[in-house]
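Reading through the structure tokens given below for one structure.
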Amino acid sequence: MENIASIFVKSIFVDNMIFAYFLGMCSYLAVSKNVKTSLGLGAAVIFVLGITLPVNYLLENYFLKEGALKWISPELASLDLSYLAFILFIAVIAAITQLVEMVVEKFSPSLYASLGIFLPLIAVNCAIMGGSLFMQQREFGNIGEATSYAVGSGVGWMLAIVGLAAIREKMEYSDVHAPLRGLGITFITVALMGIAFMCFSGLKI
Amino acid sequence: MSKLFSEKTKQVFLGPLSKNNPITVQVLGICSALAVTAKLEPALVMGLSVTIIVAFANVIISLLRNTIPNRIRIIVQLVVVAALVTIVSEILKAFAYDVSVQLSVYIGLIITNCILMGRLEAFAMGNKPWESFVDGLGNGFGYAWILVVVAFFRELLGSGSLFGFKVIPQSLYEAGYSNNGLMILPPMALVLVACIIWVHRSKNKELQE
């Protein structure tokens, strides 16, 4: 239990998806123009990460890893299917986003109205795929840890995008040098936020 | 030959190198561009891998463009890209293991690199295979050169070396010069890209926002 909590906090602050690994930058820069939409996208990322990562965790441990197929028959124990990881992970992510989109549309039209447009975008958000690949690399002990990592990373991503959106809303009124206006100054803002987040990097939890 | 390199194809190839650069203008594929640029070697390998994958994915999707049902096109594109990325990743593991370890998850993340999806959606779905191939090469190189420039400055100023060889003479260190540790940290990649954008947009006034 302690481990789950520490993984959660760590994935929000120390291993922040944006500031430590630059994952999901494209939508991060494109959709951070105002706080309200960025909240919506952040919520959608938490949602999709929290569903796809545990599914990919099960896939990795009961299907792909070397010796993972033991539960079918002992003869398959030597099989290593990890080279299929990329294709299967992305297929799972694309399928689940599609599924989530349909379910949300059917059962909660109001949620769909606020999240709907972002869901297809999320299939190609690097943060989702990155989460699964990091999960593969870090070899979490059980599905609880994997889920807490997923939700934590999502929360960290949301924190980052809402923060940037708030700063950009204020920055509308500042007088930035013309060639740097828009994209350039946003990059520098993200860099400064990243440096600020580095104060967490020595943290041992 | 004249047919292969018509005026339009040339435009398709040269556009992404500057006026329509995938990173500084289209803002695609930023994630990997920032994460792999602490050293020149991984940046170069990453640039080449992306170029190869974009070019071939563009050709494949362009050949299939009339048979792909519209509703499932994103999944088809993802599967084609994922297959190509798997091939490249296995080749790197076999022939350049050190680099593939340094690139870690970022090779896998080429699948979700927005340059790929962007080019497949915007170009390959509506153009012939040869033009799509050229477009892929152009965008790949446009991406690669930004990576190499950023990596050049980060490695030179951060570690005092290029491709792992020391280039800043020892006497300079003795005179009191020291490496700028800040350049190694990930946020500096953002600042360098911002500087490239700054220079680029000062030269091309029509790109300014």
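Convention: sequence-line order gives letters A, B, ...; per-chain numbering from 1. Note that the structure is a prediction, hence the values are computed from the model and not measured.
Closest approach of A:Phe187 to B:Ala194, counting heavy atoms only: CB-CB, 3.7 Å. For the pair B:Ala82 and A:Ile90, the tightest heavy-atom approach, listed with the atom from each and the gap, is CB-CG2, 4.0 Å. Considering all non-hydrogen atoms of both residues, A:Gly194 and B:Pro187 come closest at C-CG, 3.9 Å. B:Pro186 and A:Met198 make their closest contact through CD-CE, 4.1 Å (heavy atoms, listed as atom of the first residue, atom of the second, distance). For the pair B:Leu78 and A:Ala94, the tightest heavy-atom approach, listed with the atom from each and the gap, is CD1-CB, 3.9 Å. Closest of all the heavy-atom pairs between A:Arg181 and B:Arg201 is O-NH1, 3.8 Å.
For CD of A:Gln137, the number of neighbouring non-hydrogen atoms (other residues, nucleotides, ligands) closer than 6.0 Å is greater than 12. The number of heavy-atom neighbours closer than 6.0 Å to NZ of B:Lys128, taken from other residues, nucleotides and ligands shown, is 12 or below. Atom CZ of A:Phe200 sits in a crowded spot, with more than 12 heavy atoms from other residues, nucleotides or ligands closer than 6.0 Å.
Considering only heavy-atom pairs separated by less than 4.5 Å from chain A, the leading option among B:Val79, B:Val199, B:Asn204, B:Leu185 is B:Leu185.
Residue A:Leu29 touches chain B through its side chain alone, counting heavy-atom pairs closer than 4.5 Å. Residue A:Met193 does not touch chain B at all, counting heavy-atom pairs closer than 4.5 Å. With a 4.5 Å cut-off on non-hydrogen atoms, A:Phe134 touches chain B through its backbone and its side chain both.
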Exercise. Going through the distances and angles, do A:Met25 and B:Leu190 end up as a side-chain contact (heavy atoms from CB on, under 4.5 Å)?
Worked result: CA-CA 11 Å; A:Met25 268 315 222; B:Leu190 285 161; 3.8 Å; yes
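Going from atom SG of B:Cys195 over to atom CD1 of A:Ile188 covers 6.0 Å, rounded to the nearest 0.5 Å. Here A:Ile185 contributes atom CD1 and B:Trp198 contributes atom CH2; the two are 8.0 Å apart, rounded to the nearest 0.5 Å.
Results of the side-chain contact (heavy atoms from CB on, under 4.5 Å) test with A:Ile87 over B:Val85, B:Val81, B:Ile111, B:Thr86 single out B:Thr86 as the only residue that passes.
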